[in-house]
Structures are given as structure tokens and as C-alpha cells.
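Model, not experiment: these values are computed from the prediction.
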Amino acid sequence: MRSLFLFVLAVSAILAAPDPSRALTLPEAVERALVRHPAVEAARWRQSEAAEAMNEALFASRPRGRVTGSATQYEEPMVVTPIHGFGPGLFPEFDETLGIATLTVSYTLIDNGGVEAQRRSAGALKTTAGAAVGDAEQRLARRVAAAYLTVLGQSQVLAAHDLRLSALRAELSRVQQRFEVGRAAKVEILRSEAAHANAEADRVRLTSAVDNSERELARLLDAQVDEVRAVHLEPVVLVGDANREEIAAAGIEASPAVAQARAQVTAAEAAVDLARSLLRPDLRAVGNYNEWTSSQGNFTGEWNVGLQFTVPLFDGGVARSRIARAEAGVLAAKEQVRAAELQVREDVDRAAAALAEAEARAASLAKAEARFVEVVRVQQLLLDEGAGTQTDYLNAEADLLASRASLAEARHAAALARVDLARAAGRLTPEWLRQATAPAPDQEAFR
């Protein structure tokens with residue numbers, strides 16, 4: 001089953017591999033990371049380990065057989081085979097060297113409940129391991145989404161900054177031309193050169209930030225950094241219902257953390273039964289076949305069968321203490337379930353609040369960006385007509401850049417908040433990302 005799952009993911013990763021002819025989408029990036037990242041792969045192997053532990057518990061009630069053998073050298077001759085009577089011809093051989101081989105077969109007829117408790121505990125651990133895989137996958141999906149959105153957001157800020165640089169270069173050229181014909185003061189050239197130099201320095205910082213984000217995304221995807229440059233990523237907008245109560249209810253049922261906590265309750269209850277089994281009797285059927293030999297090479301064999309009945313009498317209170325400890329573990333595990341459910345609700349509330357704030361900021365900043373575009377246009381006209389000041393124009397350009405940068409940040413904060421909502425609901429998968437993805441508005445604005 002695991003091999004089939006990995007095969008499907010591998011095929012998905014191949015299909016999702018970056019193609020120079022088209023952009024890499026967020027769902028494709030997540031699929032690729034889920035196949036290759038060691039954190040998820042380690043969780044899957046732990047799931048396989050838990051499955052084998054479950055098999056071990058299932059096989060515990062089957063008949064068991066073992067063979068033992070020994071060879072012993074004595075100082076004085078010893079009886080080679082058991083004595084079954086006294087009389088002529090009944091005395092066994094004596095020898096200093098004795099060998100014995102024993103085949104033992106046993107089967108539990110009446111169990112004290114320990115085997116069943118071990119099965120339940122192993123089943124709970126298997127469930128826990130499965131939930132851990134889901135948790136690792138969603139954690140990784142969130143990291144990939146955050147890195148992906150960071151690359152897009154920072155690249156849009158850089159693109160907006162490049163627009164400002166172009167405007168500053170044009171302003172510097174205009175001032176130099178006016179200075180050459182005596183229509184501008186030297187201080188205007190100095191002011192333009194200073195603004196342009198500051199913008200160039202900021203561009204170096206922004207370029208470095210974009211490169212670092214791209215490299216982080218490449219590490220998560222186990223890809224070459226050139227494959228995940230911002231120009232190869234598809235702009236993304238995530239949409240969907242943000243009803244807190246519905247998401248919280250779905251999250252409590254689907255959250256890997258809640259599933260792990262509930263599985264721990266089952267494991268703790270199994271531990272109580274296992275501790276109580278120490279006080280119960282059990283009954284086993286046991287059979288042995290023994291073969292003796294000496295240095296002379298004479299082999300003698302015989303068999304025996306019987307029932308082995310065990311009744312615990314007293315152990316100084318060890319079993320009672322073990323039961324009490326296990327019962328305390330059950331209560332603690334149940335409180336962990338409540339804590340996990342509360343954490344889901346807290347995560348949903350936090351993500352929903354962040355989404356509402358980011359969407360409100362994005363709406364306001366979109367209006368502000370449109371107004372600043374008009375302000376820059378007007379200031380440029382006033383400057384060309386000699387009715388405006390260079391300082392007002394440069395300040396308007398700076399305000400436009402700030403609004404564009406904040407708008408890009410708000411849009412991607414909204415997308416990340418929706419990712420956090422999906423993770424809180426336990427449904428952050430490539431399929432959910434495909435369903436939640438909508439065309440990005442004005443996606444060429446800062447490209």
C-alpha cells in the first residue's frame with residue numbers, strides 16, 4: 001500500500017516538475033515537496049514501522065515453537081537419559097560428555113487479556129503514526145506555500161521598486177537637461193542623484209531578499225534554484241468560505257493533532273488493560289520433544305505434553321501501582337484531546353482574524369495605490385509645467401512604492417491566512433489548493 005502511495009506521488013511529482021515553457025503552480029510545488037522532503041519520508045517510514053508492530057501484536061496469539069540445544073562436559077560420568085525405573089536393563093548410559101536437543105511448542109488457550117491489550121496499543125500507535133504522516137505533510141505544505149508566496153510577494157515589491165527606479169532615472173535625466181539650459185538649480189540634480197542612489201541601494205537589499213526566498217523554496221522542493229525563480233512561479237489568489245464554526249468543526253474531525261491525541265487515549269486505555277492482565281490467570285498447552293546423546297553417539301528421544309496454568313498471587317503491590325499509573329495516563333490523554341481541540345479552534349480564530357485583516361488592508365491599499373498613481377501623474381505634470389516642486393514629486397513616488405509594496409504584502413498575507421485556515425481544518429492538500437486557486441487580478445502589474 002505504501003509503495004503504491006509513493007508511486008502515485010512520484011508520478012505526480014514528475015508531472016509537476018517545472019517546465020520552462022510554463023509557470024510552476026503552488027499545488028505542483030507542494031506535490032513535488034511531498035515526494036522528496038525527508039521530514040515527510042521519515043514520517044512514512046515510522047508509519048511502516050508501526051504497521052509492523054501491529055503485525056507483531058496480531059501474531060502474538062499464534063502457536064510458538066523453538067529448538068534449544070546444549071553440550072556439556074562433566075568431571076565425573078553423568079546419566080545420559082532420564083531414569084524411568086529400576087531393574088535389569090533399565091539403567092541408562094553414563095558419560096562425561098552429554099548433549100541434549102529440545103523442541104518446545106506452546107499455545108495459549110486462555111489469555112489473561114494481555115495479548116488483546118497489546119493489539120489495541122499497537123493499533124493506536126499505528127493510528128498515531130498515520131496521523132503523524134498527515135501532520136508532517138500539512139506542515140510541509142504550509143512551509144512550501146509560505147516560501148512560494150514570499151517569493152511572489154518580494155518579487156512584486158522588487159518590480160514596484162524597479163518602476164520607481166525608472167521614474168527616478170527619468171527625473172534625473174530631465175533635471176540634467178534643464179540644468180544644461182540654465183532652467184534648474186544644481187541642488188535639484190543633487191536631490192535626484194541622492195534619491196536615485198538610495199533607490200539603487202534598496203534594490204540590492206530587495207534582490208538579495210528575493211534570492212534568499214527562492215533558495216529556500218528550492219531547498220524545500222529539492223530543486224535547482226533556477227527552476228523556482230520568481231519568473232517561473234504562477235501568481236496565486238486563494239478563495240473560499242471562511243466560516244469559523246464550520247472550519248473548526250471540520251478541523252476537530254480531520255486534524256492530525258486531534259487524531260494523534262485520540263489515538264493516545266486508546267493506547268492509554270490498552271495500557272490499563274495490560275497492567276490488569278498481570279493479576280489474571282492464564283492457561284497454555286505445552287509440548288516438548290527431547291533428544292539426548294553422549295560421546296558414544298547413542299541417541300534417545302522422548303516427548304511430553306501438558307497444560308501450564310499460572311495464577312498470580314502477590315507481587316508486593318507492583319501490579320496495583322502499574323494499574324494506577326496507567327489510569328492516570330488515560331486521564332492525561334483525554335485532557336490532551338481537549339487541548340488539541342482547543343488548539344484547532346485557536347488556530348482557526350487566529351487564521352480567520354488574519355484573513356479578515358489582510359483582505360481589508362488589501363482592499364484599502366488597492367484604492368490607495370490607484371490614488372497614488374494619479375498623484376504621481378499630477379505631480380509629474382506640475383513639475384513639467386514649472387508649477388510643482390521636485391520634492392513633492394519624489395515624495396509622491398516614494399508613497400506610490402510604499403503602497404504597492406504594502407498591497408503585495410497584504411495580498412499574499414491573505415493567501416497565507418487561507419492556507420493556515422485549511423491546515424487548521426486538516427485539509428491542506430494539493431487538491432484543496434487546486435480547488436481554492438483563482439486567477440490573480442492584475443498579475444502583470446508588478447512583473
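Between the Arg36 side chain and the Asp222 main chain, a donor and an acceptor come within less than 3.5 Å of each other. For Glu214 (side chain) and Val151 (main-chain N/O), no donor-acceptor pair under 3.5 Å exists by modelled atom type. A donor-acceptor contact shorter than 3.5 Å is absent between the side chain of Tyr148 and the backbone of Pro27. Put simply, the side chain of His161 gets close to the backbone of Ala199: a donor and an acceptor are under 3.5 Å apart. Between the side chain of His232 and the main chain of Asp226, a donor-acceptor pair closer than 3.5 Å is present. Arg164 contributes no side-chain N or O that, together with a main-chain N or O of Leu401, makes up a donor-acceptor pair within less than 3.5 Å. Between the side chain of Ser364 and the backbone N or O of Arg361 there is no donor-acceptor pair closer than 3.5 Å. Gln390 contributes a side-chain N or O that, together with a main-chain N or O of Glu188, makes up a donor-acceptor pair within less than 3.5 Å. Remark: the backbone N or O of Thr207 is not paired with any side-chain donor or acceptor of Asp211 at under 3.5 angstrom. Counting only distance, with no hydrogens or angles, the side chain of Glu269 and the backbone of Val330 share no donor-acceptor pair below 3.5 Å.
Around CZ of Arg280, the count of heavy atoms belonging to other residues, nucleotides or ligands within 6.0 Å exceeds 12. The number of heavy atoms from other shown groups lying within 6.0 Å of CZ (Arg169) is above 12. In Tyr107, the OH atom is not crowded: 12 or fewer heavy atoms of neighbouring residues, nucleotides or ligands sit closer than 6.0 Å.
Residue Ser213 comes nearest to Thr150 through the heavy atom pair OG-CG2, 3.4 Å, listed as atom of the first residue, atom of the second, then distance. Ala147 and Leu220 get closest at one heavy-atom pair: CB-CD1, 3.9 Å. Heavy-atom minimum distance, Val376 versus Ala396: CG2-O, 3.5 Å. Closest of all the heavy-atom pairs between Ile252 and Val344 is N-CG1, 3.9 Å. Here the shortest heavy-atom pairing between Ser192 and Leu172 reads CB-CD1, 3.7 Å. Here the shortest heavy-atom pairing between Gln47 and Gly130 reads NE2-CA, 3.5 Å.
Residues Gln176 and Glu180 bring no donor and acceptor atom of their side chains to less than 3.5 Å of each other. Under the 3.5 Å distance criterion, with hydrogens and angles disregarded, a donor-acceptor pair is assigned to the side chains of Gln343 and Asp347.
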For side-chain contact (heavy atoms from CB on, under 4.5 Å), just list the numbers for Glu193 and Leu190, CA-CA rounded to whole Å, side-chain angles, deciding distance to a tenth of an Å, and then say yes or no. CA-CA 5 Å; Glu193 289 177 342; Leu190 296 176; 4.0 Å; yes
Residues Arg350, Glu346; criterion salt bridge (Lys or Arg N to Asp or Glu O under 4.0 Å); working and verdict: CA-CA 6 Å; Arg350 185 184 299 111; Glu346 180 180 338; 2.5 Å; yes
Applying side-chain contact (heavy atoms from CB on, under 4.5 Å), run through Glu397 and Gln380 and close with a yes or a no. CA-CA 10 Å; Glu397 282 287 355; Gln380 180 70 62; 5.6 Å; no
Between Gln260 and Gln264, does a side chain to side chain donor-acceptor pair (under 3.5 Å) hold up when you go through it step by step? CA-CA 6 Å; Gln260 285 179 299; Gln264 288 299 322; over 6 Å; no
For side-chain contact (heavy atoms from CB on, under 4.5 Å), just list the numbers for Val144 and His37, CA-CA rounded to whole Å, side-chain angles, deciding distance to a tenth of an Å, and then say yes or no. CA-CA 11 Å; Val144 172; His37 201 275; over 6 Å; no
Is there a side-chain contact (heavy atoms from CB on, under 4.5 Å) between Arg32 and Leu24 once you walk through the steps? CA-CA 11 Å; Arg32 183 169 182 177; Leu24 174 66; 5.9 Å; no
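Using a 4.5 Å cut-off on side-chain heavy atoms (C-beta onward), Thr437 and Thr25 make no contact. Counting only heavy atoms from C-beta outward, the side chains of Asp273 and Arg276 approach each other to under 4.5 Å. Residues Leu152 and Val236 meet the side-chain proximity criterion, which asks for heavy atoms closer than 4.5 Å. Annotation: side chain of Leu238 is in contact with side chain of Val419 (closest heavy-atom distance under 4.5 Å). Side-chain atoms of Asn112 and Thr310, non-hydrogen and from C-beta on, never get closer than 4.5 Å to each other. Between Leu400 and Leu163 the shortest side-chain heavy-atom distance does not fall below 4.5 Å. With contacts defined as side-chain heavy-atom distances shorter than 4.5 Å, the pair Arg66/Thr102 does not qualify. By the 4.5 Å heavy-atom criterion applied to side chains, Val30 and Leu433 are counted as neighbours.
The line from CG of Asp420 to CG of Leu428 is 8.5 Å long, rounded to the nearest 0.5 Å. Atom CD of Glu409 is separated from atom CG of Leu149 by 12.5 Å, given to the nearest 0.5 angstrom. The CD1 atom of Ile247 sits 5.5 Å away from atom CZ of Arg427, with the distance rounded to the nearest 0.5 Å. Rounded to the nearest 0.5 angstrom, Leu274 CG and Arg322 CZ are separated by 8.0 Å. Atom CD of Glu52 and atom CG of Leu58 lie 10.5 Å apart (nearest 0.5 Å). With values rounded to the nearest 0.5 angstrom, His412 atom NE2 is found 7.0 Å from Ser155 atom OG.
Salt bridge status for Glu200 with Arg203: absent, with no side-chain N to carboxylate O gap under 4.0 Å. Between Arg139 and Asp135 there is a salt bridge, since a side-chain N of the basic residue sits under 4.0 Å from a carboxylate O of the acidic one. Note on Glu137 versus Arg44: salt bridge recorded, some NZ/NE/NH1/NH2 to OD/OE distance being below 4.0 Å. Taking a cutoff of 4.0 Å between a charged side-chain nitrogen and a carboxylate oxygen, Glu49 and Arg46 do not qualify as a salt bridge. A salt bridge links Glu116 and Arg119; the closest N-O separation between the charged side-chain nitrogens and carboxylate oxygens is under 4.0 Å. A salt bridge links Glu245 with Arg345: the distance from a Lys NZ or Arg NE/NH1/NH2 to an Asp or Glu carboxylate oxygen falls below 4.0 Å. A salt bridge links Arg338 to Glu335: one of the charged nitrogens lies within less than 4.0 Å of a carboxylate oxygen. Comment: Glu171 does not engage Arg191 in a salt bridge, judged by the lack of any side-chain N to carboxylate O separation of less than 4.0 angstrom. Comment: Glu374 engages Arg377 in a salt bridge, judged by a side-chain N to carboxylate O separation of less than 4.0 angstrom.
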